[in-house]
There are 2 protein chains.
Amino acid sequence: MKSNSLKISEIFKNMSFSEKEIEIITSSLKKTTLKKGTILIKEGDFVDNMYYVESGCLRTFHIDVHGKEHTVQFGIKDWWITDYTAYFSSEKAIMNLEILQDCTLYALSKNNRELLYNKIPQIHKFIRIKLERAYAAFQKRILANLSQSATERYLEFINTYPDIEKNVKNYHLASYLGITTESLSRIRKKLN
Amino acid sequence: MKSNSLKISEIFKNMSFSEKEIEIITSSLKKTTLKKGTILIKEGDFVDNMYYVESGCLRTFHIDVHGKEHTVQFGIKDWWITDYTAYFSSEKAIMNLEILQDCTLYALSKNNRELLYNKIPQIHKFIRIKLERAYAAFQKRILANLSQSATERYLEFINTYPDIEKNVKNYHLASYLGITTESLSRIRKKLN
DNA sequence: TTAATTTATTACCATACATCAATTTTTTAT
DNA sequence: ATAAAAAATTGATGTATGGTAATAAATTAA
């Protein structure tokens, strides 16, 4: 229990909770470990959980009408990830969530999230701030996609997320940057 | 005062407030009317307000290193708009906010937002849900940019936001879709 | 209403990135 | 350790969209 409380303080950084609150939080979060290659959410699923990443690497991706994959988000230590659109709106997932490197995750279900909001109102603010940041990050990415060349986007990516590149396949990254693996290969070659 | 209360109920749809709460909200929102062409936020500004759009049309856009404009968001009736990144993080704006058609807006300052959160906690949830939706919309746009051709993006846009196209210049829309005005012109020609 | 200015269109050519196919390298499984 | 499978690289060629410039249309101002 002590060790679990420590994790909680890591997940909810900069917040202080009473003993009782920590217990509530602990029992709302379900720890799971998952093997590389696992598909945790599949298109069409109902999505009941968002996941805090303690360790490992994963991604959400969408398969378009031509069968091409598009990586929407990567997740590494300390990030929250899920198909947010499905999670928030209670619609079926349009995304897949794939484990890229063995993961330890903490799952927070919709019910438990509501429960936390009600029992520990300060969490409301915590999640809101997380969302605000995610929103800002998305906005930045839209701008990058609109204004930068593939090479510029690649450089910015490896600069911003140096820990991710090592853990993902070439084509995971390419499909995040909006180019083909071949193009990414050529970009890398040119940069050497 | 009565007419103002009506507005409030429009802004905070599906929420019910006491007389006193309505008074608090009314005094937190500042109504302004602005003429077409006005630049309400300029790159480098500190951003103290987010704006609810009662009427009119506006956009946020970024100017990249090559001097090219990129429209990040349009705003029409019933939307909230600002440079969210600057507003949330208290950093200088990287965006400009431009009035495209005469607008009536309600400004909510950061201080007043905090005040509302504290005095009327249910607003917390209201804003959170707004953010969740905005987040989902952004995600959808990233996917569209990754997986669709310019023509497909154009068609989806005019389908999703039929009211916006009429109010904006060709190059506003082009810079939103990530193409040049010339390309948009050609796309439209082909579609006829 | 006319002139001035802004915006949209069109043509021609350039380029970034895609596609296809073959080959090499790396990873995984036995 | 070796074979099999998956991933990455490379070359040749195609295509969507960009850039430039000239013209036409629409909007604004006088």
Side-chain angles (χ1 to χ4, degrees), chain A residues 35-39 56-57 59 61 63-71 74 98-102 142-158 164-192, chain B residues 35-39 56-57 59 61 63-71 74 98-102 142-158 164-192:
Chain A
K35 284 278 163 204
K36 179 174 174 174
T38 308
I39 303 289
C57 183
R59 67 162 181 155
F61 68 96
I63 301 175
D64 72 23
V65 286
H66 308 295
K68 269 205 288 190
E69 290 184 7
H70 303 280
T71 298
F74 290 110
E98 178 188 7
I99 308 298
L100 301 177
Q101 299 293 345
D102 296 1
I142 285 175
L143 265 177
N145 283 338
L146 289 177
S147 65
Q148 294 179 301
S149 68
T151 305
E152 288 170 322
R153 275 175 278 149
Y154 170 68
L155 287 172
E156 183 167 308
F157 182 88
I158 59 173
I164 292 180
E165 196 191 14
K166 311 166 206 156
N167 288 304
V168 305
K169 297 290 176 198
N170 214 338
Y171 68 86
H172 296 143
L173 181 47
S175 78
Y176 178 94
L177 296 172
I179 56 179
T180 58
T181 44
E182 293 93 332
S183 291
L184 180 51
S185 229
R186 290 180 192 114
I187 285 170
R188 279 183 169 146
K189 195 184 176 188
K190 259 196 187 167
L191 291 172
N192 287 334
Chain B
K35 283 276 162 205
K36 181 175 173 173
T38 308
I39 301 289
C57 183
R59 65 160 182 157
F61 67 95
I63 301 174
D64 73 23
V65 288
H66 309 293
K68 267 205 289 189
E69 291 183 6
H70 302 280
T71 298
F74 290 109
E98 177 187 6
I99 308 298
L100 301 178
Q101 299 292 345
D102 296 1
I142 285 176
L143 265 178
N145 282 339
L146 290 177
S147 65
Q148 294 180 301
S149 70
T151 305
E152 288 170 324
R153 275 175 279 150
Y154 170 69
L155 287 173
E156 184 166 308
F157 182 89
I158 58 173
I164 293 180
E165 196 190 14
K166 312 167 205 155
N167 288 304
V168 305
K169 298 288 177 200
N170 214 338
Y171 68 88
H172 296 144
L173 180 47
S175 79
Y176 177 93
L177 296 173
I179 57 177
T180 58
T181 44
E182 293 90 338
S183 290
L184 181 51
S185 234
R186 288 174 201 122
I187 286 169
R188 279 183 169 147
K189 196 186 178 189
K190 261 195 186 168
L191 290 172
N192 289 334

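Numbers restart at 1 for each chain; the letters A, B, ... are given by sequence-line order, proteins then strands. Owing to the predicted nature of the structure, the values given are computational and were not obtained by experimental measurement.
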Output the distance between atom [atom1] ([X]) and atom [atom2] ([Y]), rounded to the nearest 0.5 Å.
X: Ile39(A); Y: Glu98(A); atom1: CD1; atom2: CD; answer: 4.5 Å
X: Asn167(B); Y: Ile164(B); atom1: CG; atom2: CD1; answer: 8.5 Å
X: Phe61(B); Y: Arg59(B); atom1: CZ; atom2: CZ; answer: 4.5 Å

State, to the nearest 10°, the angle formed by the axis through the first five base pairs of the helix from dT1(C)-dA30(D) to dT30(C)-dA1(D) and the axis through its last five.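 Here the helix ends are tilted 60° relative to one another.
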Could I get the full list of side-chain hydrogen bond (donor to acceptor under 3.5 Å, both in side chains) partners for Thr181(A), not counting sequence neighbours? none
Only counting residues at least two apart or in another chain, list the ones meeting side-chain hydrogen bond (donor to acceptor under 3.5 Å, both in side chains) with Lys35(A).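 With neighbours one apart ignored, the set is Asp102(A).
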Contact list for residues 171-192 of chain B, test salt bridge (charged side-chain N to carboxylate O under 4.0 Å, His left out), sequence neighbours left out: Glu165(B)-Arg188(B)
Taking atom [atom2] of [N] as reference, at what distance in whole Å does atom [atom1] of [X] sit?
X: Asn170(B); N: dT6(C); atom1: CG; atom2: C1'; value: 13 Å
X: Glu69(A); N: dA18(C); atom1: CD; atom2: P; value: 15 Å
X: Leu177(A); N: dA16(C); atom1: CG; atom2: P; value: 17 Å
X: Asn167(B); N: dT7(C); atom1: CG; atom2: P; value: 15 Å

Donor-acceptor check, side chain of Thr71(B) to backbone of His172(B), threshold 3.5 angstrom: yes or no?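 It does hold such a pair.
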Would you please name every residue forming a side chain to side chain contact (heavy atoms under 4.5 Å, CB included) with [X], sequence neighbours left out?
X: Gln148(B); value: Ala144(B), Glu152(B), Arg153(B), Glu156(B)
X: Thr151(A); value: Ser149(A), Leu155(A), Ile187(A), Leu191(A)
X: Asp64(B); value: Ser147(A), His62(B), His66(B), Lys68(B), His70(B)

Positions of residues 142-155 of chain A (non-hydrogen atom under 4.0 Å from DNA chain D), listed by number: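 The stretch gives none, as no residue of it lies under 4.0 Å from the strand.
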Can you list, in residue-number order, the parts of residues 181-192 of chain B that come under 4.0 Å of DNA chain D, counting heavy atoms only?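 By residue number: Glu182(B), Ser183(B), Arg186(B).
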ring-ring contact (aromatic ring centres under 6.0 Å, His included) partners of Phe157(A), counting only residues at least two apart: Phe74(A), Tyr161(A), Tyr176(A)
Do Val168(B) and Leu100(B) come close enough that some side-chain heavy atom pair is under 4.5 Å?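 A side-chain contact under 4.5 Å exists here.
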Base, sugar-phosphate, or nothing: which does Gly178(B) touch, judged by heavy atoms less than 4.0 Å apart?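 Sugar-phosphate contact only.
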All heavy atoms of Leu177(A) vs all of Leu146(B), minimum pair found to be C-CD2, 4.2 Å
Could you go over nucleotides 25-30 of chain C and give all protein N or O partners under 3.5 Å, atom names and distances?
{"from": "dT28(C)", "atom 1": "OP1", "to": "Lys36(A)", "atom 2": "NZ", "distance (Å)": "3.3"}

Start and end of the DNA chain D segment that chain A contacts, any atom under 4.0 Å from a heavy atom: dA7(D) to dA12(D)
When you measure from the side-chain N and O atoms of Tyr171(B) to the phosphate of dT7(C), is any distance below 4.0 Å, counting only OP1 and OP2?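 Yes.
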